Student: 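For reference, the structure I am asking about is given below.
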Amino acid sequence: MPQKVVTRFAPSPTGYLHVGGARTALFNWLWAKRNNGTFILRIEDTDQKRNTPTATQQVMDDLRWLGITWDEGPEVGGPNGPYLQSERMDTYEKYIKQLLDEKKAYYCFETTEELGALREEAEADKKGFAYQRPEVFPSFEDARKAREEGRPVTVRFAVPQDKPIVVHDLIRGEISFNPNEVSDFIIQKSDGFPTYNFACVIDDYLMKVTHIIRGQEHLNNTPGQQSLWLALGFDNLPKYVHMSVTISESGGKLSKRERPATLKKAIKAMQDVDLDNLANVGGISRTDIEDFLAGKSIPDMPIINTIAEYLKVPLPEINIVDFSKSGYLPETLVNFLALLGWNPGDDREIMKIEELIEAFDVSRLTKSNSLFDRQKLISFNTEHLKMVESDKLIGYVKAYLKEIDSPVLQADDETLLRIIKLCEGARTLADIDRKSRFLFIDDDKIEYDEKSVKKVLLKSNGLENLAIVRDRLAAMEELSEHAIEQMLRGLAEEKQVGLGKVAQPLRVALCGSTVSLPIFDSVQLLTKERTLARIDKTIHNVKEQANTGD
RNA sequence: GGCCCCAUCGUCUAGGCAGGUCUAGGACACCGGGUUUUCAACCCGGCAACAGGGGUUCGAAUCCCCUUGGGGCUACCA
């Protein structure tokens with residue numbers, strides 16, 4: 001009887017879910033789905049210093065946004081819970097004790113500084129660091145005394161040294177490690193919490209995980225974890241799959257540090273920036289800003305986001321929320337992420353989730369690292385935007401508008417649907433907002449883009465044509481798209497110019513830039529009254545600007 | 001430094017495990033052209049890769065070794 005496939009995603013709750021994590025979660029989820037198995041979400045919150053209270057919720061929200069749901073885990077429960085490691089301390093304690101009793105683990109008392117010195121020594125010696133195992137393991141009594149003396153007490157696992165440790169990786173084959181290069185690692189910290197390397201082995205066993213699909217960055221942890229699994233007498237060693245790493249344009253592993261780094265670079269490149277003002281905007285002190293620019297510290301992500309938004313510095317999307325705020329569809333992310341280091345073996349690229357599940361196979365994972373290509377992501381989004389059914393799309397659009405707090409939110413369903421239709425070919429949901437925003441902004445709040453004004457109104461009789469358009473519009477009784485079109489085309493013909501020469505000045509007058517919904521619809525949607533008002537205001541302002549010689 | 005992984009167009013990749021069907025296929029980007037009321041979208045065409053060197057073999061992108069290059073890990077983080 002074949003074993004039921006059980007996979008898991010085990011993030012530490014340190015912040016938002018980022019693309020790398022999402023990809024790991026996705027592959028595990030796809031594999032479970034493919035095999036009608038179980039997908040577990042387990043929260044690895046064993047580091048008291050790094051846990052953010054809201055992070056678990058955030059990660060779950062992000063996973064759900066992507067459509068990745070778990071069969072066992074927080075909020076849904078399951079037979080092998082709890083699924084928060086911080087709630088499993090008794091379990092870990094039990095196994096620590098077992099290992100200690102069996103002399104497979106031992107106490108250590110070094111301070112962080114002492115260990116650091118040993119490491120430096122090893123490096124100076126051109127050797128890898130491996131903890132020197134004592135000949136006689138300290139007793140329970142020794143540990144008690146050390147604790148009393150204020151020394152940190154940790155527990156290390158004694159990695160069996162008898163033979164090479166061979167890890168079987170489903171995509172990389174056999175990987176052999178020399179056991180004396182696998183250091184006896186800490187399994188219990190001095191604060192009593194288990195380390196990742198320990199807790200994850202215990203839980204993978206107790207939760208009956210069959211496939212561990214994770215990033216290549218964990219490959220070096222595997223010999224230790226596998227030895228531990230065996231030393232605990234656990235059966236059914238899980239199958240290991242170490243995926244390629246996602247690389248960013250700048251070279252290294254795609255990391256959340258990229259957003260602050262981009263912002264820092266942008267600020268430094270600016271001429272006179274008012275640091276006090278920035279501090280104010282971000283709600284932090286001037287010293288915080290200075291430390292940030294000096295590379296000493298990094299403010300929290302919301303602060304980074306706020307400052308970047310204020311300075312209008314675009315930051316690369318890293319976290320899943322960043323992508324949703326940039327107007328990407330969950331379908332796009334899932335499809336794109338799935339194809340980063342995996343492919344179905346044929347020429348298909350744009351795939352629905354059901355297709356991905358159907359075609360997914362861990363043995364087709366790519367070995368080499370792949371670069372996160374944002375251009376291709378956009379193209380995927382364009383395709384998915386064309387594919388989603390319109391009632392689903394309207395839901396996405398509304399959620400997006402809400403997320404970015406757009407004035408387009410005022411549109412009723414009928415109008416919104418019409419806008420969406422008019423935006424066919426859009427690349428992101430942001431395009432839809434950008435093109436239709438002007439309809440929902442007060443006439444006197446329209447911002448006129450300088451370049452557009454210069455290019456369209458101040459050249460090629462732009463202003464004159466606009467004035468004529470104004471009069472003809474004013475004279476029109478019925479303002480249907482068709483009538484508007486006839487009028488504009490007629491004028492262009494009279495003037496012996498292309499339609500653009502009369503349409504573009506009008507567009508700029510209405511929305512302040514050269515990009516908007518199709519012009520005939522734009523006028524019709526805006527209404528005659530507001531259209532005329534905006535034209536008048538534009539003509540007035542531009543003339544004034546010309547007079548002051550500016 | 002040590003250990004580990006990887007290596008096909010600029011990028012994601014097919015092909016590699018079962019060597020000939022590969023003058024290396026697809027997609028994104030790019031370039032040229034078309035369409036066009038803006039931005040997109042759309043249509044047609046084009047450019048572009050087996051990292052280098054040794055083997056094995058009648059024959060290597062495919063198997064082996066070395067070099068080079070890239071990446072990961074090297075915490076009482078996960």
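Every chain is numbered from 1, with letters handed out A, B, ... down the list of sequences. Keep in mind that what you see is a predicted model, and the values were worked out from it rather than measured.
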Student: Select base, sugar-phosphate, or nothing to describe what A:Phe520 touches, counting heavy atoms under 4.0 Å on all strands.
Tutor: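 Answer is base: heavy atoms of A:Phe520 come under 4.0 Å of a base.
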Student: Classify the side chain of A:Arg119 and the base of B:rU74 as holding, or not holding, a donor-acceptor pair under 3.5 Å.
Tutor: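 Check fails, no donor-acceptor contact within cut-off.
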Student: Over all strands shown, is A:Glu383 touching base, sugar-phosphate only, or nothing at heavy-atom distances under 4.0 angstrom?
Tutor: sugar-phosphate
Student: Distance alone, cut at 3.5 Å: any donor-acceptor contact between the side chains of A:Arg507 and A:Gln504?
Tutor: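 There is such a pair between these side chains.
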Student: What does B:rC73 pair with, Watson-Crick or G-U, if both distances are under 3.5 Å?
Tutor: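 The answer is B:rG2, by the H-bond criterion.
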Student: Select from A:Gly498 and A:Glu110 the residue whose nearest nucleotide in RNA chain B is closer to the 5' end of that strand.
Tutor: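 Nearest nucleotide further toward 5': that of A:Gly498.
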Student: Does a sphere of radius 6.0 Å around CD in A:Glu389 hold more than 12 heavy atoms from other residues, nucleotides or ligands, not counting ones at 6.0 Å or beyond?
Tutor: yes
Student: Between A:Phe380 and A:Tyr328, is the ring centroid distance below 6.0 Å?
Tutor: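 That pair fails the under 6.0 Å test.
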Student: With both distances kept under 3.5 Å, what pairs with B:rA7, Watson-Crick or G-U wobble?
Tutor: B:rU68
Student: Hey, is the side chain of A:Lys49 poking within less than 4.0 Å of OP1 or OP2 on B:rC76, counting only N and O atoms?
Tutor: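 So the side chain of A:Lys49 is outside the cut-off, no N or O lying under 4.0 Å from OP1 or OP2 of B:rC76.
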Student: With both distances kept under 3.5 Å, what pairs with B:rA41, Watson-Crick or G-U wobble?
Tutor: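 Looking at the geometry, B:rA41 pairs with no nucleotide.
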Student: Using a 4.0 Å heavy-atom cut-off across all strands, classify A:Gly173 as base, sugar-phosphate, or nothing.
Tutor: nothing
Student: Are A:Phe9 and A:Trp29 near enough that their ring centres are under 6.0 Å apart?
Tutor: no
Student: Ignoring hydrogens and angles, are the base of B:rC39 and the side chain of A:Lys435 linked by a donor-acceptor pair under 3.5 Å?
Tutor: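 By the distance-only test, yes, there is a pair.
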Student: Mind checking the P distance from B:rA49 to B:rG25? Whole angstroms is fine.
Tutor: 11 Å
Student: Is the phosphate of B:rC3, meaning OP1 or OP2, less than 4.0 Å from a side-chain N or O of A:Lys127?
Tutor: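 Negative; the distance criterion is not met.
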Student: Atom pairs, N/O to N/O, protein against nucleotides 23-25 of chain B, distance under 3.5 Å?
Tutor:
none

Student: Does any N or O donor sit under 3.5 Å from an N or O acceptor when you compare the side chain of A:Lys367 with the base of B:rA7?
Tutor: no
Student: With both distances kept under 3.5 Å, what pairs with B:rG19, Watson-Crick or G-U wobble?
Tutor: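 WC or wobble partner does not exist here.
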Student: Quick one: on RNA chain B, does A:Ala122 or A:His218 contact a more 5' nucleotide (nearest heavy atom)?
Tutor: A:Ala122
Student: Taking atom C1' in both B:rG16 and B:rA7, compute the distance separating them and give it to the nearest angstrom.
Tutor: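 Each nucleotide's C1' atom is 13 Å from the other's.
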Student: Centroid-to-centroid, A:Phe157 to A:Tyr106, below 6.0 Å?
Tutor: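 Between A:Phe157 and A:Tyr106, the centre distance exceeds or equals 6.0 Å.
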Student: Would you say a side-chain N or O of A:Arg489 is under 4.0 Å from OP1 or OP2 of B:rU37?
Tutor: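 The answer is yes; a side-chain N or O of A:Arg489 sits under 4.0 Å from OP1 or OP2.
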Student: Please indicate whether A:Gln132 has more than 12 foreign heavy atoms, meaning atoms of other residues, nucleotides or ligands, lying under 6.0 Å from its CD.
Tutor: no
Student: Write down the partner of B:rA14 under the Watson-Crick or G-U wobble criteria, each distance required to be under 3.5 Å.
Tutor: none
